[in-house]
Amino acid sequence: MPNITLPDGKKLAFKEKVSGLKVAEKISKSLAKEALVISVDGKLKDLSYEIEKDCEVKILTSKDKDGLDTIRHDTAHILAMAVQELFPGTQVTIGPTIENGFYYDFSRKEPFTEADLKKIESKMSEIVDRDEPTYREVWDRDEAISHFKKIGENYKSEIIKDIPKNEEISIYFHGKWHDLCRGPHLSSTGKIGKNFKLTKVAGAYWRGDSKNEMLQRIYGTSWASKKDLDNYIKRLEEAEKRDHRKLGKEMDLFHFREESPGAVFWHQRGWTLFQKLIDYMRKKQNEAGYKEINTPEVLDRSLWEKSGHWEKFGAHMYTSETPDEKVFAIKPMNCPGCVQVFNQGLKSYRDLPYKMSEFGKVHRYEPSGALHGLLRVRAFTQDDAHIFCTEDQITDESLSVTNLILNIYKDLGFENVILKYSDRPDLRVGEDEVWDKAEKALLEAVKATKLEYSINKGEGAFYGPKIEFVLRDAIGRDWQCGTLQVDLNLPGRLGASFVDKDGSKKVPVMLHRALFGSLERFIGILIENYSGKLPFWISPSQIMVIPVSEDFNDYSVEVNKKLIASGLNSEVDLKNHNLNYKIREHSLSKVPILLICGKKEVDSNSVTIRQLDSTKQENMELKKFINHYQALNKAPSL
RNA sequence: GCCCUUGUAGCUCAGCUGGUAGAGCAAUUGAUUUGUAAUCAAUAGGUCCGCGGUUCGAGUCCGUGCGGGGGCACCA
């Protein structure tokens, strides 16, 4: 005689056990129609689940995240069903839901093609039309294993072996087709609707381990309505339009080529952007008390052996043998070089915290499959810094780093930042006592920011805990950029020390920190965030001066000269094209300000301003224009 | 690194079942001198990613290497 409590606190009493669907019907007809699954005391169950005891029940529809997830999970099943109907002999493995969709991993000798996806999609629609009932059975473990083995589903039987002994082995049937699954599922194949689409095929390792065989993964997306599906597809298209590789070409910023995969060939405009970012950060860092240094790119093998990089990261390092048979490595990190600068001369406790910044170019031999435009490269410039301090200074220094980072992100248009804090991993160096202190100090700093943060247990570096800074861009994507790591290891390994108050030598703690991480990567993120339409102050091509006709070339050249002399990035377009043509061309390459110069302007010593994405025309005296835009030619916080 | 896919003019792309390449834009030249998102015409432009093979004949088929793309693994 179950008494059921609904989310609004209302109670329903039933004389005997009752299915989820019946409960929904009792509440309202329309709810029963929309109901997908139910939650019983927080656990998801099928609508057909029989409630026997007192409990809290929530009826879930496609408006609930769990409801939508169930639609996606069902779509994954129907994908598997369709694949097995079309391609007998294909083995199924796992098919979970993911953000915005689902995937299913298959084992089959022949590859799935894009054309196959279309075929599979139609088969899936057919299965939806068949509206086959879904039901659940609980099987005996050993029977289930031998059953799946017998029908050639070896992966499934392996999965069953790994299910904890106290859990039920539930099998879901959609018509005749069945699959091992935890559930829950919708009551029939017709319920999922047809708002799905298969998006791509890809390889994926069995159990995510590169030592295992590779399966074929089919990705798909599935939604509660056609409108939601269309919106999702539109969002994908929007992201594609923002692709920094495409925009980088259109805006003439950089290119890549075969001779050096994963290394950027910066064009004039791209390099201007790069330098502007560095100039800006240099100002901010100097203000914050950093001393900028620079260390060699190529360093003897012995240093990397001492620092531990040779052993731990050797596989990712570029090395080079000189004619006299010495082995050098191109630096994959700046820290050892920086410690050597610290080691010059005696340091006193009075010198601490000692903060050194370096725009260091590092090279890392990344696996070829990892490369991705500016976002993952083999040669990049870190906005790196190392802070040598005492254990007691960790919190204050971390806090000041965090403030600097947030301040800089804000200037560049990223106000939405979350933190990820990672503490000690199993494999680590250093005394637990010191770890206790370092973790506490760092976490204190995290809390002091009052920002949203997550704790990643055991994900810290082997040499110390860390914070990572994740920023959210204009279309809601998260990017991990800055990092702050406490290092309890390297200063000792490389013999760094300072003289303390009592005259004894002590090993300092070192903080590694990067604001953007990699300037290359950050520029990629910046381009995507703004769709290439960068804020005026950071734009590498701020102004294009355009004469209305040849007669006004001289005036336009004069204007351009004055703008450049005022520190603005200006160019003049004297090509033999008409005004419309030039406006189109420079608008497409995202120049923020077009200055039109014709008779009117010459006569009044003025310019007519046309801003990117606006058809408004504003005439302004040249002097006034220069003053106005000179004032805008710096970061908001400067 | 692994799986799939892809590589033709500066760019974007066409080229059916094998018969030594084509468009638009860009470039160059000429005409036009333009007032807010593509003026007109002519010309030039290619080891069809590299290497090997099959074939009378390969951009096209096969093998292999390199690069790009989508994932997986990796990301100190």
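Lettering of chains follows the sequences in order, A, B, ..., and the numbering in each one begins at 1. Hydrogens, waters and symmetry mates are skipped; everything else that's a heavy atom, side chains included, is used.
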With a 3.5 Å limit on both atom pairs, tell me what [N] is paired to, counting Watson-Crick and G-U wobble, or say none.
N      : value
B/rC2  : B/rG71
B/rU55 : none
B/rU29 : B/rA41
B/rU20 : none

Counting the atoms with a prime plus P, OP1 and OP2 as sugar-phosphate, which does [X] contact under 4.0 Å by heavy atoms, base, sugar-phosphate, or nothing?
X        : result
A/Arg364 : base
A/Phe256 : nothing
A/Lys200 : sugar-phosphate
A/Thr608 : base
A/Arg610 : base
A/Glu259 : nothing
A/Tyr463 : sugar-phosphate
A/Pro367 : base
A/Lys211 : nothing
A/Ala204 : sugar-phosphate
A/Lys582 : nothing
A/Asp209 : nothing

Do the numbers put A/Arg428 on top of the ring of A/Phe462, so that NZ or CZ is under 6.0 Å from the six-membered ring centre and no more than 45° off the axis? no
Using atom [atom1] of each nucleotide, how far apart are [N] and [M] to the nearest Å?
N      : M      : atom1 : result
B/rU60 : B/rA9  : P     : 15 Å
B/rG70 : B/rC61 : C1'   : 26 Å
B/rU8  : B/rG68 : C1'   : 15 Å
B/rG63 : B/rA27 : C1'   : 39 Å
B/rA42 : B/rU55 : P     : 46 Å
B/rU12 : B/rC3  : C1'   : 29 Å
B/rU47 : B/rU20 : C1'   : 12 Å
B/rA23 : B/rC48 : C1'   : 16 Å

Between [X] and [N], does any side-chain N or O lie under 4.0 Å from OP1 or OP2?
X        : N      : answer
A/Lys575 : B/rA26 : no
A/His372 : B/rG70 : yes
A/Arg245 : B/rG70 : yes
A/Tyr581 : B/rA26 : yes

Looking at [Y] and [X], is there a salt bridge between them, counting it only when a charged N and a carboxylate O are closer than 4.0 Å?
X        : Y        : result
A/Lys246 : A/Glu250 : yes
A/Lys457 : A/Glu459 : no
A/Arg207 : A/Asp162 : yes
A/Arg235 : A/Glu237 : no

From [atom1] of [X] over to [atom2] of [N], roughly how many Å is that when rounded to an integer?
X        : N      : atom1 : atom2 : result
A/Ile546 : B/rA38 : CD1   : P     : 13 Å
A/Met214 : B/rC74 : CE    : P     : 11 Å
A/Glu550 : B/rA31 : CD    : C1'   : 12 Å
A/Glu114 : B/rC3  : CD    : P     : 18 Å
A/Leu375 : B/rG71 : CG    : P     : 12 Å
A/Gln216 : B/rG71 : CD    : P     : 17 Å
A/Tyr205 : B/rC2  : OH    : C1'   : 3 Å
A/Leu488 : B/rA76 : CG    : C1'   : 16 Å

So, for A/Arg376 and A/Ala370, which heavy atoms are closest and what is the spacing to 0.1 Å? CG-O, 3.1 Å
Side chain of [X]: nearest nucleotide among [options]?
X        : options                : value
A/Lys600 : B/rU39, B/rG35, B/rA76 : B/rG35
A/Ser210 : B/rC11, B/rA73, B/rA76 : B/rA73
A/Asn580 : B/rG71, B/rG35, B/rU36 : B/rU36
A/Arg217 : B/rG35, B/rC72, B/rA76 : B/rC72
A/Ala461 : B/rA37, B/rG35, B/rA76 : B/rA76

To the nearest 0.5 Å, tell me how far A/Asn334 CG sits from A/His512 NE2. 10.5 Å
How far does CZ of A/Phe469 sit from CD1 of A/Ile418, to the nearest 0.5 angstrom? 12.0 Å
Is the ring pair A/Trp223/A/Tyr232 parallel, tilted or perpendicular, if the boundaries are 30 and 60 degrees? tilted
Of A/Gln617 and A/Gly373, the one whose nearest nucleotide on RNA chain B sits closer to the 5' end is A/Gln617
With nearest nucleotide decided by heavy atoms, which residue, A/Leu594 or A/Asp551, maps closer to the 5′ end of RNA chain B?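 Whichever sits nearer the 5' end wins; that is A/Asp551.
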